[in-house]
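For reference, the structure discussed in these notes is given below.
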Amino acid sequence: MRIHRLLSSLTWLISPVALLLLWAAVAEAGIFPRNLLVPPVQVWQTFGQLSASGELLEHLLNSLSRLGLGFGIGSLCGLLFGVLMALSKNVEIYCAPLFHTLRQIPSIALIPMFVLLFGIDETFKIIIVAKTAFFPVALAASEGVKAIPRSYFEVADVYRLRWPTFVREIALPAATPPIITGFRISLTRAWVVLVATELLAADSGLGQMIEMSRQMLRIDVVMVGIVVTGVIGFALDFSFRQLEQRLFRWQTR
Amino acid sequence: MPGLIAKSRGLLLPLLLIGAWEYLSRQDAAGAYAFVPLSTIGAALIEMLANGELLVNLLASLVRTSTGLALGIFFGVLLGASMALSNTANRLIGPLFHSVRQVPMLGWIPLIAMWFGNGEFSKVLIVSLAAFYPMVLNTYQGFSHVEVRYREVGQVLVLTPWQRLRHVLLPAALPSMATGVLHALAFAWVTAVGSELFLSSGAGLGNLMMNAEAGSRMEVIVLSVLCIGLCGYLMTLLFTLLSRHLLRWRNIR
């Protein structure tokens with residue numbers, strides 16, 4: 001029985017392994033030029049070299065620090081703005097139309113405009129990541145706070161809860177789950193946009209590494225970059241999902 | 001009348017921003033370089049409409065989006081449905097699909113550009129991949145979350161597999177598939193513009209912006225960004241209305 005279960009869990013590996021084998025076979029057969037279709041072994045070796053020389057780590061750290069700074073600024077501003085928009089009728093009346101209009105414009109399309117406005121330095125990348133992170137968090141925060149049921153406020157009134165107690169005991173637990181989801185979505189989007197920005201204009205970072213090696217026709221380095229980008233994106237999303245589950249185990253939904 | 005005033009309050013902030021833009025453009029040469037005066041933007045709009053520049057590029061982007069979208073939806077529905085209906089297919093293809101999905105869409109561009117060149121084929125390939133992922137996910141979800149009682153009715157009536165698919169599974173999966181198309185539409189549009197930014201050959205709004213960036217013609221970039229945002233919004237709106245109309249037979253609780 002246990003062996004059976006082990007075997008059936010191994011079937012998950014079939015397709016990735018099959019793809020790897022196919023890739024290796026086609027690359028070794030020499031149908032395509034070797035520098036266009038690099039065998040997986042060589043990609044692995046390149047990965048080893050890049051990480052041993054510290055080049056990969058340096059690019060990765062550059063990208064991640066940009067992501068951290070941009071996402072930090074953008075999401076905190078978004079959180080603040082979203083909560084304000086949910087709590088104050090005036091803020092909503094004055095800001096909501098502009099907010100929902102700007103929300104429609106994809107970040108990628110703003111890259112050329114921001115390059116002209118801010119140059120191609122660090123500022124431009126941080127601003128575009130912050131802009132990407134801002135909108136999903138602001139939206140989630142405003143919807144999350146607005147979705148707190150009226151009856152909760154009434155209960156708080158009945159118990160004559162003071163404002164800090166009300167926020168800590170009722171408002172925060174009620175509004176946090178959707179906000180955390182907003183943070184997760186905004187983080188993954190910010191990562192995508194950051195890599196795209198680095199592909200277009202940067203002197204360091206994963207995207208720049210990929211673009212540079214593309215120009216030098218080093219497909220193995222490009223592939224290493226793509227895989228690392230995917231792994232980081234997955235890790236960010238996965239860790240936020242774990243956080244969501246840990247924080248909100250008590251919810252019975 | 002008070003309603004009108006309340007609505008016009010939402011216009012205050014956008015008008016202030018536009019005013020600030022115009023003010024900055026009149027300050028000095030550097031300001032006029034980044035913030036072009038509104039009159040220049042208006043003149044450029046008339047000029048680009050008259051010589052067809054805007055329309056040609058917009059049409060090229062739209063054609064690219066719809067071709068990629070059609071391909072992505074077709075293959076996405078095929079794969080999603082087969083993954084949901086056959087356990088074997090799910091086990092074989094699922095892991096590969098979910099691992100490939102982690103790489104940001106625009107990260108594939110350098111690799112695809114090296115393998116397939118920077119022509120029309122690469123762009124349509126990227127757009128269709130962008131439409132493919134959400135379509136597979138939502139189709140899978142739609143087909144695998146059919147209510148058990150519907151399946152049981154199908155068993156009671158001894159439907160053939162084809163009848164079961166046509167009369168039980170498909171109607172139940174359609175709403176989720178409509179959501180998939182909505183996501184696919186948004187992703188395809190953004191990715192089409194993004195791919196044109198990277199692979200600037202041929203016509204397209206992204207290419208128009210890249211050329212404008214090189215010639216630092218801010219007015220063209222502003223117009224393109226507005227055009228991209230507006231088109232994205234209109235497409236989403238149209239499809240939402242269309243799907244609501246087509247799915248009106250569904251009784252919503």
Side-chain angles (χ1 to χ4, degrees), chain A residues 8 11-16 18-19 32 36-37 90 92-99 101-113 115-118 188-189 191-196 199-200 206-207 210-211 213-215 217 219 222-223 225-227 229-235 237, chain B residues 6-7 9-14 17 33-35 88 91-111 113-115 186 189-191 193-194 197-198 205-206 208-214 216-218 220-222 224-230 232-233 236:
Chain A
S8 76
T11 53
W12 290 99
L13 281 171
I14 292 178
S15 59
L19 185 76
F32 301 102
L36 275 187
L37 192 69
N90 272 325
E92 193 185 1
I93 287 173
Y94 284 108
C95 298
L98 183 67
F99 173 76
T101 316
L102 291 183
R103 201 160 62 81
Q104 306 294 334
I105 301 175
S107 298
I108 302 276
L110 284 175
I111 293 180
M113 188 187 218
V115 166
L116 278 192
L117 285 180
F118 307 109
T188 31
R189 277 196 203 163
W191 176 241
V192 173
V193 169
L194 176 68
V195 172
L199 280 174
L200 276 173
L206 269 184
I210 296 176
E211 176 59 22
S213 343
R214 180 180 82 95
Q215 288 172 11
L217 214 72
I219 294 205
V222 172
M223 283 185 150
I226 290 179
V227 172
T229 315
V231 169
I232 298 286
F234 174 75
D237 188 65
Chain B
K7 272 202 182 120
R9 276 190 291 179
L11 287 175
L12 185 69
L13 210 58
L17 276 182
Y33 171 74
F35 304 93
T88 331
R91 293 199 149 223
L92 285 181
I93 307 169
L96 190 63
F97 173 75
H98 288 293
S99 43
V100 171
R101 191 167 65 87
Q102 302 304 329
V103 178
M105 217 39 254
L106 296 169
W108 287 112
I109 289 183
L111 199 61
M114 282 200 287
W115 278 343
W189 181 238
V190 174
T191 315
V193 173
L197 286 179
F198 289 98
L205 284 175
L208 185 68
M209 283 202 293
M210 264 340 231
N211 288 338
E213 188 198 315
S216 60
R217 292 191 60 191
M218 188 56 135
V220 177
I221 297 185
V222 171
S224 314
V225 168
L226 288 179
C227 196
I228 291 166
L230 193 66
Y233 175 72
T236 313

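Chain naming here is simple, since letters A, B, ... match the order of the sequence lines and numbering starts at 1 in each.
- Comparing A:I226, A:V192, A:V115, A:V222 by how many heavy-atom pairs each has under 4.5 Å with chain B, the most go to A:I226.
- Here the CD-OG1 distance, from B:Q102 to A:T229, works out to 12.0 Å after rounding to the nearest 0.5 Å.
- You'll find the side chain of A:S15 stays beyond 4.5 Å of the side chain of B:I93, heavy atoms only.
- Most heavy-atom pairs under 4.5 Å with chain B, from the set A:E92, A:R103, A:M223, A:Q215: that is A:M223.
- In this structure a side-chain-to-backbone donor-acceptor pair under 3.5 Å is missing from B:S224 to B:M209.
- Interface remark: A:A96 contributes no atoms to any contact with chain B (heavy atom separation under 4.5 Å).
- Considering only heavy atoms from C-beta on, B:W115 comes within 4.5 Å of A:I219 through its side chain.
- The most heavy-atom pairs under 4.5 Å with chain A, out of B:G229, B:P95, B:G94, come from B:P95.
- A:N90 touches chain B through its side chain: at least one heavy atom from C-beta onward sits under 4.5 Å away, while N, CA, C and O do not.
- Heavy atoms closer than 4.5 Å to chain A are found nowhere in B:S99, neither backbone nor side chain.
- Looking at A:L199, both its backbone and its side chain come within 4.5 Å of chain B, counting heavy atoms on both sides.
- Residues satisfying the side chain to side chain donor-acceptor pair (under 3.5 Å) criterion with B:N211, sequence neighbours excluded, are absent altogether.
- Using modelled atom types, no side-chain atom of A:W191 and backbone atom of A:G230 make a donor-acceptor pair closer than 3.5 Å.
- Inter-residue side-chain proximity for A:Q104 and B:I228 is flagged as unmet; no heavy-atom pair is nearer than 4.5 Å.
- Both the backbone and the side chain of B:L92 come within less than 4.5 Å of a heavy atom in chain A.
- B:A186 does not touch chain A: none of its heavy atoms, backbone or side chain, sits under 4.5 Å away.
- Ranked by heavy-atom pairs shorter than 4.5 Å toward chain B, the options A:I105, A:I14, A:L117 are led by A:L117.
- With a threshold of 4.5 angstrom between heavy atoms, B:L230 does not approach chain A through any atom at all.
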For this session: Would you please test B:Y233 and A:T101 for side-chain contact (heavy atoms from CB on, under 4.5 Å) and show each step?
Result: CA-CA 9 Å; B:Y233 175 72; A:T101 316; over 6 Å; no
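- Top candidate by heavy-atom pairs under 4.5 Å with chain A, chosen from B:V193, B:L197, B:I109, is B:L197.
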